[in-house]
Amino acid sequence: MSQQTIKQLADLLVGGKTSSVELCQDYLARIATHNPNLNAFISVDAERTLAEARAADAARAAGQAGPLTGVPIAHKDIFCAEGWLTTCGSKMLYNFVSPYDAHVISRFKAAGMPTLGKTNMDEFAMGSSNETSYYGPVKNPWDSARVPGGSSGGSAACVAAGLAPAATGTDTGGSIRQPAALCGITGLKPTYGVVSRYGMIAFASSLDQAGPMAQSAEDCALLLNVMAGFDGRDSTSLEREKEDYGRDLAKPLNGLRIGLPKEFFGAGLSGDTAQAVQAAIDEFRKLGATTVEVSLPNSGLSVAAYYVIAPAEASSNLSRFDGVRYGYRTPDYADLTDLYEKSRAEGFGAEVKRRIMIGTYVLSHGYYDAYYIQAQKLRRLIANDFAEAYKACDVILGPTAPTTAFKLGEKADDPVQMYLSDIYTIAVNLAGLPGMSLPCGFDGQGLPIGLQLIGDYFSEARMLNVAHQYQLATDWHQRTPGGF
Ligand code: GLN
């Protein structure tokens, strides 16, 4: 049961071959066995999960089931979920039980999909390795000495290890795509504004976007159908006609024009990754696609622009954590200022503090023009590069990450090396475009390699079509790590 896709599980439920309670019991048992080693979950609450499963089975028996009713899913611990501990990977929220549901959570509840647990993540989604989590690092199921990527590392690891059939993630600079690549699963970051950010703990609001992490593009389409949609409680949520993201899955790829950005295939890309991506390009040609070289001349500046804009927004967003209303409060304080200072000094980890300090600096009088405004100008240039590229192609293809999973601790003391893990993903967030990662091979050490597809605005259905056709022709996405 453990490596079945969402689609297969839904079919079993429709055919009466299993129940939601049975499925949830099976996954909960796997979590109990493997999570002590993987550390992919921060919270598991079997009673709550099974109550939701019973309700799903009852809805089905009453003829009120939707397409995914009864299929369980894990949620990144960045989503507020009523009655669940919601920590965002931080000591700052170590005791925060959310009194309400994020829009994404309420969508999955309305679809009848039980929550299997809350997954581990980098603290406040800041990181590329899951090592900044207050709850300890997550291990990569392919090699427990290595990182799963981040910040949605718990979500990626639990899907790769079959502890959940799918999970939610969020992506501010690559946090769905990079861990999906490092764990050998499929993940999609939608166009900015397609999925509501309501109840998703804010990191950098103009970049944050939630999306599905699953075993296949087909599953991502099914999950995006649940997650997407207008929500008046998020001022950047887009009011668009409802679409079926799976509508184009079966289309052949004849005539598809794939853009290959020359900047994505230069120095810094590991040989194994370059080779696997090249083999994927050959496969797409066999499937009827043509390729064209495109250029994203400003993409080399995307990491620099991001590390001004994202910390600036984070410094503002994280000012709400002050020890007063909820979350961590220092036990000893002299007065109000002391309470703020000590609660924040003790509640936040080193990476979060680094970002708050950078953000406060770049927004301060005298530096605002020199850094923040410059970064915003770069952001526009980066978006313009993509617009220019899409005149010549339908979808852009390249590697998701420069290397496969690195060792735990390998980059932990070198923030700049860590930041470069997102060199191919960050421009996509700055431009607000949709992007996805899917497995396309393994390196010499048996570690999964991710292929990135970047679409034009609102082209999720087309991107999923491209990914699905590739997955019909290859079986990389069906490989699973040993021992699970
Ligand atoms: N790794 C990037 C960072 O640390 C992106 C994180 C994310 O997408 N949430 O900010």
Side-chain angles (χ1 to χ4, degrees), residues 76-79 88-90 104 119-133 137-138 147-156 167-183 187-190 192 195 197 200-213 302-315 317-318 348-359 362 375 379 400-403 405-406 410-412 414-437 450 452 454:
K76 185 176 182 180
D77 207 23
I78 198 168
F79 293 102
C88 215
S90 183
V104 164
T119 62
N120 203 345
M121 55 181 285
D122 279 300
E123 186 177 5
F124 287 105
M126 298 174 187
S128 302
S129 68
N130 232 286
E131 292 166 294
T132 72
S133 171
V138 176
V147 304
S151 65
S152 312
S155 289
T168 50
T170 62
D171 193 313
T172 304
S175 280
I176 288 176
R177 290 160 289 158
Q178 186 256 11
L182 270 49
C183 288
L188 183 147
K189 180 203 97 73
Y192 183 79
V195 175
R197 290 180 295 105
M200 197 175 107
I201 297 170
F203 164 12
S205 310
S206 77
L207 300 160
D208 298 341
Q209 189 61 198
M213 303 178 76
S302 60
V303 172
Y306 173 90
Y307 279 98
V308 172
I309 293 168
E313 295 185 20
S315 69
N317 275 327
L318 270 58
F348 289 136
E351 184 61 28
V352 173
K353 287 178 187 161
R354 179 180 294 127
R355 308 269 179 123
I356 291 173
M357 287 192 288
I358 295 171
V362 300
R379 186 173 188 175
T400 304
T403 66
F406 44 93
E410 192 179 320
K411 299 187 184 179
D414 190 343
V416 175
Q417 276 312 309
M418 189 70 89
Y419 297 169
L420 288 172
S421 306
D422 294 319
I423 184 130
Y424 305 127
T425 50
I426 275 182
V428 177
N429 301 74
L430 289 169
L433 292 164
M436 65 185 293
S437 180
Q452 184 175 210
I454 304 169

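Read the numbers this way: they start at 1 and go in the same order the structure lists the ligands and their atoms. The model shown is predicted, which means the values in this text are computed figures rather than measured ones.
- The closest side-chain heavy-atom distance from Phe406 to Met418 is below 4.5 Å.
- Under 4.0 Å from ligand 1, the heavy atoms of Ser151 that appear belong solely to its side chain.
- Arg355 counts as a contact of ligand 1, since one of its heavy atoms falls under 4.0 Å from the ligand.
- In this structure, atom 3 (C) of ligand 1 lies nearest to the protein heavy atom Tyr307 OH, 3.2 Å.
- In this structure, the side chains of Tyr192 and Arg197 come closer than 4.5 Å at one or more pairs of heavy atoms.
- By the 3.5 Å distance cut-off applied to N or O atoms, Lys76 is not counted among the residues near ligand 1.
- Those atoms of ligand 1 with a heavy atom of Met126 less than 4.0 angstrom away are 4 (O).
- Although no hydrogens or angles enter the test, the distance criterion places a donor-acceptor pair under 3.5 Å between the side chain of Asp208 and the main chain of Phe203.
- The shortest heavy-atom distance from Ala310 to ligand 1 is not under 4.0 Å.
- For the residue pair Glu123 and Thr132, no side-chain donor N or O sits within less than 3.5 Å of a side-chain acceptor on the partner.
- Taking the six-membered ring for Trp and thresholds of 30 and 60 degrees, Tyr419 and Tyr307 have nearly parallel ring planes, at less than 30 degrees apart.
- Among protein heavy atoms, atom 7 (C) of ligand 1 sits closest to Ser175 OG, 2.4 Å.
- Residue-level proximity to ligand 1 for Thr172 is carried by backbone and side chain together, each with a heavy atom below 4.0 angstrom.
- Set against the non-hydrogen atoms of Asp422, the atoms of ligand 1 under 4.0 Å away are 1 (N), 2 (C), 5 (C).
- Judged by distance alone, the side chain of Asn429 and the main-chain N or O of Thr172 form a donor-acceptor pair under 3.5 Å.
- Where the criterion is an N or O separation shorter than 3.5 Å, residue side chain and backbone included, Gly127 meets it with respect to ligand 1.
- Polar contact with ligand 1: present for Ala125 (N/O pair, distance under 3.5 Å).
- Looking at Phe203 next to ligand 1, no N or O pair under 3.5 Å apart turns up.
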Determine, step by step, whether Thr170 and Lys76 satisfy the side chain to side chain donor-acceptor pair (under 3.5 Å) criterion, reporting the C-alpha distance in whole Å, the side-chain angles of both residues, the deciding distance to 0.1 Å, and the verdict.
CA-CA 8 Å; Thr170 62; Lys76 185 176 182 180; 2.7 Å; yes
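- A donor and an acceptor atom, one from each side chain of Ser151 and Asp122, are nowhere located under 3.5 Å apart.
- Taking the side chain as every heavy atom from C-beta outward, Arg379 and Tyr306 never approach each other to under 4.5 Å.
- At a heavy-atom distance under 4.0 Å, no atom of Phe124 approaches ligand 1.
- Proximity of Tyr419 to ligand 1, defined as any heavy-atom pair under 4.0 Å, is not found for any part of the residue.
- Listed for the Gln178 side chain is a donor-acceptor partner under 3.5 Å among the backbone atoms of Gly150.
- Distances between N or O atoms of Tyr306 and those of ligand 1 include at least one value under 3.5 Å.
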